[in-house]
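To start, the structure under review is shown below, and the notes come after it.
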Amino acid sequence: MTRLGDVCEKIGSGATPRGGKEAYKDAGIPIIRSQNIHDWVFQPDGLAFLDDEQAESLSNVEVRSNDVLLNITGDSVARACIVPSECIPARVNQHVAIVRAGKEINPTYLLASLQSKKTMLLSLASSGATRNALTKRMIENLDIDLPSREIQDSIAQVLDSIQYKITLNNRLNDYLANLCETIASRYCNDRNSRLRDICYQVADHVDYDNANQETYVSTESLMQNKGGRQLASSLPTTGKITRYKAGDTLISNIRPYFKKIWYAPFEGTCSGDVIVFRANDPSNAPYLHACLRQDSFFDYVMQGAKGTKMPRGDKKQMMEFKVASSCSAEDLILLDSVIKQRSDNDSEITKLQKLRDMLLPKLMSGEIDVSKIDLTQLTNNHLADC
């Protein structure tokens, strides 16, 4: 066991730029915030920027290649990832800590150590005077296993291979999503109908205890910028929820500008704050989804949204959105193929994440001999067993 502070070149949080959020620009030097950091993954959406003068004033919190970034406050505390090279140079704000590996520790192994200690970090964060906050001393005093650098590198290679496949699938999904929206945009000049002419909003309500972790969808589990769905962090404990079916499109009705949308490949339940759109003709479901994915739809919903701090879309108003009544048979076949491929990729991503999370404690404890792992087999044939 080794104290984390003894093997890191730097552990420290960022700072608030002069002027606070008013200092943020649309371009310049990136400043990384807690919303950019997810477990294992850096999320560039919503990245803020500083001008050269502001960035220079925060030069002491400059991010370097292979730095591990750790969220230290708020609901996302203890999430960690490695900063991508394309984001360099960058700075971090006061909610993010830079944990920079020294020569003795592999950066990916350092990240894995933090991920393996996440439960402990969450406990530490909730034990201080400030709710959900990690201090520099807490991080420095964290004990981790430190095997030889050779074993660290082998463990890192296993984890990197899994994460690389996840990244490729996500990248492919982005391309497929763009194709989906491009097809829908072909019909922009032929909007002879309203959304209500091709679909309806589902009102099939059931008791809250019908929800289960694998299929329940909340506004929190739908990801911003059309990022799809992740598992909900909690299930409802009272009231009614909505039942959805395969082929439905689900959209969060809270803060529509976040553009949270998902195409359901199976049936399940969702929060009342998630609107379920169902095509009048089931075969038209892929085209309906493509229409709803367009930025113009979310912009239209915001025009009728009510509320300032937490706006909600007007369900009746959004059904007046102009669309073409249908698309060509050829495009419908292509849309169906695109959406099914994205669903398959999402399923594989979920299996890879489960595989990574199952392997992590066994790799870190030495229970699995990394020298005997076939990386090719690891990321292909073993997926079926997850």
Side-chain angles (χ1 to χ4, degrees), residues 173 176-205 215 217 219 222 225-229 241-306 311-343 346:
N173 274 356
L176 293 171
N178 288 336
L179 176 58
C180 183
E181 292 172 43
T182 299
I183 293 173
S185 69
R186 293 178 186 169
Y187 299 89
C188 287
N189 295 326
D190 188 28
R191 295 182 174 181
N192 55 358
S193 299
R194 310 280 179 170
L195 197 57
R196 56 181 162 80
D197 297 324
I198 65 171
C199 73
Y200 61 95
Q201 296 175 7
V202 175
D204 181 11
H205 297 142
T215 61
V217 179
T219 57
L222 291 174
N225 296 313
K226 311 170 192 177
R229 168 193 176 254
I241 53 179
T242 307
R243 193 196 306 270
Y244 65 84
K245 295 181 179 179
D248 290 343
T249 293
L250 279 61
I251 295 179
S252 171
N253 197 33
I254 297 179
R255 295 175 175 169
Y257 54 80
F258 280 144
K259 302 176 184 177
K260 296 183 173 184
I261 182 172
W262 177 64
Y263 185 87
F266 44 71
E267 65 178 32
T269 57
C270 63
S271 160
D273 289 319
V274 175
I275 302 177
V276 179
F277 293 87
R278 182 171 296 162
N280 294 332
D281 178 355
S283 67
N284 212 32
Y287 171 65
L288 170 63
H289 179 71
C291 291
L292 295 172
R293 283 191 65 88
Q294 296 177 96
D295 288 338
S296 58
F297 172 71
F298 290 100
D299 292 340
Y300 176 80
V301 172
M302 280 304 301
Q303 292 173 16
K306 300 174 182 178
R312 294 171 184 263
D314 184 319
K315 293 183 179 180
K316 291 184 178 180
Q317 179 258 0
M318 62 181 68
M319 296 300 284
E320 297 301 313
F321 180 67
K322 292 183 178 181
V323 296
S325 58
S326 63
C327 68
S328 70
E330 182 181 1
D331 281 341
L332 191 58
I333 291 172
L334 181 55
L335 284 169
D336 184 56
S337 177
V338 165
I339 291 172
K340 284 180 178 177
Q341 184 60 58
R342 291 191 78 229
S343 179
D346 285 337

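Interatomic distance, F297 CZ to L292 CG, rounded to the nearest 0.5 Å: 5.0 Å. Rounded to the nearest 0.5 angstrom, T219 OG1 and I275 CD1 are separated by 12.0 Å. In this structure, M319 CE and R194 CZ are separated by 12.0 Å, a value rounded to the nearest 0.5 Å. Atom OG of residue S325 and atom CG of residue D197 lie 8.5 Å apart, to the nearest 0.5 angstrom. Taking CG of D299 as the reference point, atom CD of Q294 lies at 10.5 Å (rounded to 0.5 Å).
When side chains are defined from C-beta on, I251 does not count as touching N253, because their heavy atoms never get closer than 4.5 Å. Side-chain contact between R312 and D273 is present, with heavy atoms from C-beta onward closer than 4.5 Å.
The existence of a salt bridge linking R229 and D346 is excluded, since no basic side-chain nitrogen approaches an acidic carboxylate oxygen closer than 4.0 Å.
Ring planes of H289 and Y263: perpendicular class, angle over 60° (limits at 30 and 60°).
Considering only residues two or more places apart in sequence or on other chains, S283 meets the side-chain contact (heavy atoms from CB on, under 4.5 Å) condition with D281.
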Atom pairs and distances, donor-acceptor, side-chain atoms in residues 326-335, under 3.5 Å, two or more places apart:
residue	atom	partner	partner atom	Å
S328	OG	Y187	OH	3.4
S328	OG	D331	N	3.1
S328	OG	D331	OD2	3.4
D331	OD1	R186	NH1	2.8
D331	OD2	R186	NH1	3.2
D331	OD2	Y187	OH	2.6

* Asked: Checking salt bridge (Lys or Arg N to Asp or Glu O under 4.0 Å) for the pair K226/D295: CA distance, chi angles, key distance, verdict?
  -> CA-CA 10 Å; K226 311 170 192 177; D295 288 338; 2.7 Å; yes

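Residue Q317 places its CD atom among more than 12 non-hydrogen atoms of other residues, nucleotides or ligands, all under 6.0 Å distant.
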